[in-house]
Amino acid sequence: MPDAGIFFDIGGMLFFLIVLTLLVKPLGAYMANVYQDKRTFLSPILMPLENLIYKAAGIKHDEEMDWEDYAKALLLFNGLGFVVLFLILLLQGMLPLNPQGFPGFSLDLAFNEAVSFITNTNWQSYSGESAASYLTQMLGFAVQNFFSAATGLCIAIALIRGFTRHTSQTIGNFWKDMTKSILYILLPIAIIAALLLVSQGVIQNFAPYVNSSLLQPTQTSDGQTIINQTLAMGPVASQEAIKEFGTNGGGFFNANSAHPFENPTPFTNFLEILLLLIISFSLTYTFGRFTGNTKQGWALFAAMMMLFILFLAVMYYYEYSGNPLVQKLGVNGSYM
């Protein structure tokens, strides 16, 4: 007879899929309104700031671009982002908000991380809590989490315009799409998500690392006795929110949300997985709104959902069965 835990797991996954599906239409419609210059409930608040950005940056937001100009602007923006992040990493040791006194990254590591973060790859070949200062985490990595995710949105919307505009030679204005992606979509939801994470215990501070005494001393294999540990601090929640919502990897502790300071409760786990998937699934409805036929969007959504459920089932089967390498160590990681 199947274990009761299986029914609980499947019920939890079904509930998650229902919530995800229910959010697709409102978010997808909202994103369509944003990129089609329609008024949204945030327009009275954000439109003055949006216009101020255009004016300060000298952006002619009413002029659209062909695909070549759009691509050039995209590459220029991300090229500048690479230079800024690369310099932050190299000069980290001389910059503020570095209470642990971490030195700058090596030349090759700084290059690797700068390329990784501007491309939304987020391959972290360093340990965040032992190598990156608070300034690097915020002004470097978290900012690029916004920019790289917004770049992905710009490409998706430009591609949708290319599919749906049959006679026009233009696909929008990159600078306008980038501004709208951050102001109207990424930033508001990331702020709300960060506050929810803080409410659940995800840390958000600028305090130095804390040296804490262990309740029970631990002895290592070589006979040394450990009586205290260092607890990493930092602005985690603010980075965690955009890390998930922008489908970025790694994170403050480079543990992909498996660290209790990033993901302490079942609710945060549910929220972070939801943030990770919601934009991708909602863009299908956005596509339907652009085409004027939402059935096309729902068809794309159904195809994505079927693939997701298929691979979720495969993953769950192997998670349920346990890892034989772990079991050899005498740890039973399965329900069996």
Side-chain angles (χ1 to χ4, degrees), residues 16 20 23 27 31 78 81-82 84-85 88-89 92 97 105 109 112-156 178 181-206 232-283:
F16 173 83
L20 175 63
L23 291 175
L27 181 57
M31 289 194 292
N78 284 280
F82 164 80
V84 172
L85 179 55
I88 289 174
L89 296 176
Q92 174 181 262
L97 288 178
F105 283 40
L109 183 59
N112 179 80
E113 298 311 316
V115 170
S116 179
F117 271 83
I118 68 164
T119 57
N120 202 247
T121 310
N122 304 100
W123 172 35
Q124 296 181 237
S125 49
Y126 66 93
S127 183
E129 69 272 26
S130 61
S133 70
Y134 296 163
L135 184 76
T136 296
Q137 295 278 18
M138 293 188 303
L139 187 59
F141 296 142
V143 166
Q144 281 304 320
N145 283 348
F146 276 98
F147 287 164
S148 63
T151 299
L153 280 169
C154 290
I155 294 172
M178 171 62 67
S181 296
I182 295 175
L183 276 186
Y184 287 86
I185 299 171
L186 298 177
L187 192 58
I189 296 180
I191 291 173
I192 294 172
L195 293 174
L196 288 173
L197 292 175
V198 169
S199 74
Q200 295 295 302
V202 178
I203 62 174
Q204 179 73 20
N205 58 56
F206 294 104
M233 296 286 108
V236 177
S238 56
Q239 182 167 331
E240 184 71 14
I242 188 57
K243 182 192 86 172
E244 304 297 354
F245 193 45
T247 64
N248 302 284
F252 199 96
F253 298 103
N254 196 20
N256 283 306
S257 300
H259 195 288
F261 286 0
E262 290 187 29
N263 188 7
T265 69
F267 174 75
T268 60
N269 196 55
F270 184 95
L271 175 63
E272 290 176 17
I273 298 173
L274 185 64
L275 289 170
L276 191 65
L277 297 174
I278 189 60
I279 285 183
S280 301
F281 278 93
S282 297
L283 277 172

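The structure displayed is predicted, hence computed values, not measured ones.
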Are any of the side-chain heavy atoms of Ser125 and Leu109 separated by less than 4.5 Å?
yes
Indicate the atoms forming the closest heavy-atom contact of Glu262 with Phe253, along with that distance.
OE2-N, 2.9 Å
Evaluate the criterion side-chain contact (heavy atoms from CB on, under 4.5 Å) for residue pair Leu139 and Leu97; output intermediate values, then yes/no.
CA-CA 10 Å; Leu139 187 59; Leu97 288 178; over 6 Å; no
Taking the side chain as C-beta and beyond, is there a heavy-atom pair between Leu27 and Ile189 under 4.5 Å?
yes
At their closest point, which heavy atom of Asn120 faces which heavy atom of Gly246, and how far apart are they?
ND2-O, 3.4 Å
Looking at CZ of Phe146 and CD of Gln239, how far apart are the two atoms once the value is rounded to the nearest 0.5 Å?
10.0 Å
What pair of heavy atoms forms the shortest contact from Pro235 to Gln204, and how long is it?
C-OE1, 3.3 Å
If you round to the nearest 0.5 Å, how far is OG1 of Thr121 from CD of Glu113?
10.5 Å
In the structure I gave you, are the side-chain heavy atoms of Val84 and Val143 within less than 4.5 Å of one another anywhere?
no
Whether Phe270 and Phe16 hold their rings parallel, tilted or perpendicular, with breakpoints at 30° and 60°:
perpendicular
Can you list the steps and then say if Gln92 with Phe105 is a side-chain contact (heavy atoms from CB on, under 4.5 Å)?
CA-CA 7 Å; Gln92 174 181 262; Phe105 283 40; 3.8 Å; yes
Worked check of side-chain contact (heavy atoms from CB on, under 4.5 Å) between Lys243 and Asn122
CA-CA 10 Å; Lys243 182 192 86 172; Asn122 304 100; over 6 Å; no
Heavy-atom closest pair, residues Ala237 and Leu197:
O-CD1, 4.0 Å
To the nearest 0.5 Å, what is the distance between CZ on Phe267 and CG on Leu196?
5.0 Å
So Phe141 and Leu89, do their side chains get closer than 4.5 Å, heavy atoms only?
yes
Heavy-atom pair with the smallest gap, counting every atom of Ala190 and Ala241
O-CB, 3.4 Å
Side chain to side chain, Val202 and Asn263, heavy atoms closer than 4.5 Å:
no
So how far is it from Phe117 CZ to Asn78 CG, rounded to the nearest 0.5 Å?
14.0 Å
Donor-acceptor under 3.5 Å (Asn248 side chain, Ile242 main chain):
yes
Are side-chain N/O atoms of Thr268 and Gln200 paired as donor and acceptor at under 3.5 Å?
no
Could you pull out the closest heavy-atom pair between Pro264 and Gly201, with the gap in Å?
CG-C, 4.1 Å
Could you verify whether a donor N or O on one side chain and an acceptor N or O on the other, from Gln124 and Ser116, lie under 3.5 Å apart?
no
Working to the nearest 0.5 angstrom, can you tell me the gap between Ile118 CD1 and Asn145 CG?
13.0 Å
Do Phe147 and Leu85 come within less than 4.5 Å of each other through their side chains, counting heavy atoms only?
no
Is any side-chain heavy atom of Leu283 closer than 4.5 Å to one of Leu153?
yes
A side-chain contact here means heavy atoms from C-beta on lying under 4.5 Å apart; do Gln144 and Phe82 qualify?
no
So how far is it from Ser282 OG to Leu277 CG, rounded to the nearest 0.5 Å?
10.0 Å
Show your reasoning for whether side-chain contact (heavy atoms from CB on, under 4.5 Å) applies to Ile279 and Phe245.
CA-CA 7 Å; Ile279 285 183; Phe245 193 45; 3.5 Å; yes
